[in-house]
Trainee: 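Let me begin by handing over the structure; questions about it come next.
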Amino acid sequence: MKSLIFILFLIPSIIFSQEIESDSYVYFSLTDTKLLEYKLPEAFIKPEKWKNNLLIKETFKGEYSPDLSLKSVLWSIDSVSCFVNLRNAKSWCIKNYDIAFPYLISRITAKKKVGLECIFDLIIDCRIRSGDLNDYGHGGIIQEDIFTIAGRASWILNEITGEDFAIVKCGMSQKDSEAYKKKWIEYINNLE
């Protein structure tokens, strides 16, 4: 019994501060009209990381309405607050990555707060600290700030590719957003 108690003390746990901060993040939206620069190459070989990540996503078979179109998906990313609709838009983008990719990259510089509802057991640390999310002490962790357009685009891009070199967090600045976009453009240019 003593060894069991000792082992329990060694298991790390996630502890979030119970202090609620106010949402003091800076929001911005930089205009971007260079969609053609963000297109994936016509024929390219997906990197292993990308293939493995898409294989995992296919296993979970994210469902979405067959009525979804690029226009409705982009509208969801830009304006819906219901997490279920956002998750459906993500599933559509994963399946139609070649169409969605340039639109997602262009949204990395749109740090407009949309907000999020219809969520349970979701952990976004900075949103718990700001009081935008309740802390239930458990749940799925999302690194990106999906309360914003830029965070949603980043979340979907990283879900498609399995990459994590650019993660949009709550405190992202305009300078960071431009740097993240440049990293994604470099990523595209390095695809074979």
Side-chain angles (χ1 to χ4, degrees), residues 25-64 68-80 86-114 123-127 140-192:
Y25 306 115
V26 176
Y27 297 101
F28 55 86
S29 187
L30 305 176
T31 305
D32 185 353
T33 58
K34 301 177 186 174
L35 282 177
L36 293 177
E37 291 181 28
Y38 315 141
K39 287 182 79 168
L40 292 168
E42 287 294 322
F44 71 96
I45 300 169
K46 293 177 191 164
E48 285 303 312
K49 196 172 194 180
W50 185 331
K51 287 183 203 174
N52 292 338
N53 209 51
L54 284 177
L55 186 61
I56 291 168
K57 300 304 174 219
E58 283 298 313
T59 304
F60 290 111
K61 300 211 189 273
E63 297 297 322
Y64 57 87
L68 284 182
S69 64
L70 175 63
K71 186 176 180 178
S72 63
V73 165
L74 296 177
W75 179 83
S76 292
I77 292 168
D78 293 347
S79 59
V80 300
L86 180 59
R87 203 175 59 214
N88 291 341
K90 179 190 76 162
S91 295
W92 187 92
C93 289
I94 288 172
K95 177 108 173 139
N96 300 282
Y97 63 85
D98 52 335
I99 299 168
F101 221 82
Y103 295 95
L104 295 170
I105 291 175
S106 71
R107 280 164 168 72
I108 293 289
T109 54
K111 193 183 170 198
K112 175 186 168 196
K113 183 178 180 183
V114 179
I123 298 171
I124 304 171
D125 183 40
C126 63
R127 291 300 170 180
I141 299 172
I142 295 181
Q143 299 295 320
E144 287 91 356
D145 179 18
I146 61 172
F147 275 67
T148 65
I149 295 170
R152 293 169 176 202
S154 177
W155 177 52
I156 296 169
L157 284 166
N158 289 326
E159 289 281 303
I160 291 170
T161 63
E163 296 294 344
D164 61 0
F165 56 80
I167 296 177
V168 172
K169 301 225 179 201
C170 294
M172 181 182 76
S173 68
Q174 290 182 15
K175 184 178 176 182
D176 291 339
S177 73
E178 290 294 341
Y180 292 163
K181 186 182 287 183
K182 284 179 185 171
K183 287 181 180 184
W184 278 110
I185 293 168
E186 287 171 17
Y187 178 84
I188 291 169
N189 291 335
N190 289 326
L191 291 172
E192 298 176 9

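None of the values given here were measured: they were computed from a predicted structure.
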Trainee: Kindly indicate whether the side chain of I160, heavy atoms from C-beta on, has any atom under 4.5 Å from the side chain of L104.
Mentor: yes
Trainee: Nearest 0.5 angstrom please: I156 CD1 to I105 CD1, how far?
Mentor: 12.5 Å
Trainee: Aromatic contact between W50 and F101, with the criterion being ring centroids under 6.0 Å apart: yes or no?
Mentor: yes
Trainee: Within this structure, what is the CD-CG distance for the pair E144 and L157, rounded to the nearest 0.5 Å?
Mentor: 9.0 Å
Trainee: For the residue pair L86 and V114, establish whether any side-chain heavy-atom pair is separated by less than 4.5 Å.
Mentor: no
Trainee: Can you list every pair that meets salt bridge (charged side-chain N to carboxylate O under 4.0 Å, His left out) and has a residue in residues 162-175, with sequence neighbours left out?
Mentor: K49-E163
Trainee: Rounded to the nearest 0.5 Å, what's the gap from CD1 on I124 to CZ on F147? Could you check?
Mentor: 5.5 Å
Trainee: Spell out, as yes or no, whether a donor-acceptor pair under 3.5 Å connects the side chain of S72 to the backbone of L68.
Mentor: no
Trainee: Closest heavy-atom contact between P102 and L35?
Mentor: O-CD2, 3.3 Å
Trainee: Under 4.5 Å between any side-chain heavy atoms of P47 and L191, yes or no?
Mentor: yes
Trainee: Which atom names give the shortest non-hydrogen contact between G162 and N53, and what distance separates them?
Mentor: N-ND2, 3.2 Å
Trainee: Considering non-hydrogen atoms only, spot the tightest contact between F28 and V26 and give its length.
Mentor: CD2-O, 4.0 Å
Trainee: Roughly how far apart are K39 NZ and D98 CG, rounded to 0.5 Å?
Mentor: 9.0 Å
Trainee: Would you give me the side-chain donor-acceptor pairs under 3.5 Å for residues 179-188, sequence neighbours excluded?
Mentor:
residue : atom : partner : partner atom : Å
K181    : NZ   : D32     : OD2          : 2.4
K181    : NZ   : T109    : OG1          : 3.3

Trainee: Enumerate the residue pairs fulfilling salt bridge (charged side-chain N to carboxylate O under 4.0 Å, His left out) with a member in residues 104-113, sequence neighbours excluded, ordered by first and then second residue.
Mentor: D23-K113, D78-R107, K113-D132
Trainee: Hey, what do you get for CZ (R152) to OG (S76), rounding to the nearest 0.5 Å?
Mentor: 8.5 Å
Trainee: First locate atom CD of E159, then atom CD1 of I94, and finally report the distance between them rounded to the nearest 0.5 Å.
Mentor: 5.5 Å
Trainee: May I have the step-by-step check of side-chain contact (heavy atoms from CB on, under 4.5 Å) for I149 and S29, ending in yes or no?
Mentor: CA-CA 9 Å; I149 295 170; S29 187; over 6 Å; no
Trainee: Is there a side-chain contact between Y25 and D145 in this structure, where contact means two heavy atoms from C-beta onward sitting under 4.5 Å apart?
Mentor: no
Trainee: Can you list everything that forms a side-chain contact (heavy atoms from CB on, under 4.5 Å) with E48? Sequence neighbours excluded, please.
Mentor: K51, N52
Trainee: Determine, stepwise, if the pair Y103 / I77 fulfils side-chain contact (heavy atoms from CB on, under 4.5 Å).
Mentor: CA-CA 10 Å; Y103 295 95; I77 292 168; over 6 Å; no
Trainee: So does A150 get a backbone contact from the side chain of S154, meaning a donor-acceptor N/O pair under 3.5 Å?
Mentor: no
Trainee: Checking S79 now: which residues fulfil side-chain hydrogen bond (donor to acceptor under 3.5 Å, both in side chains) with it, not counting sequence neighbours?
Mentor: W75
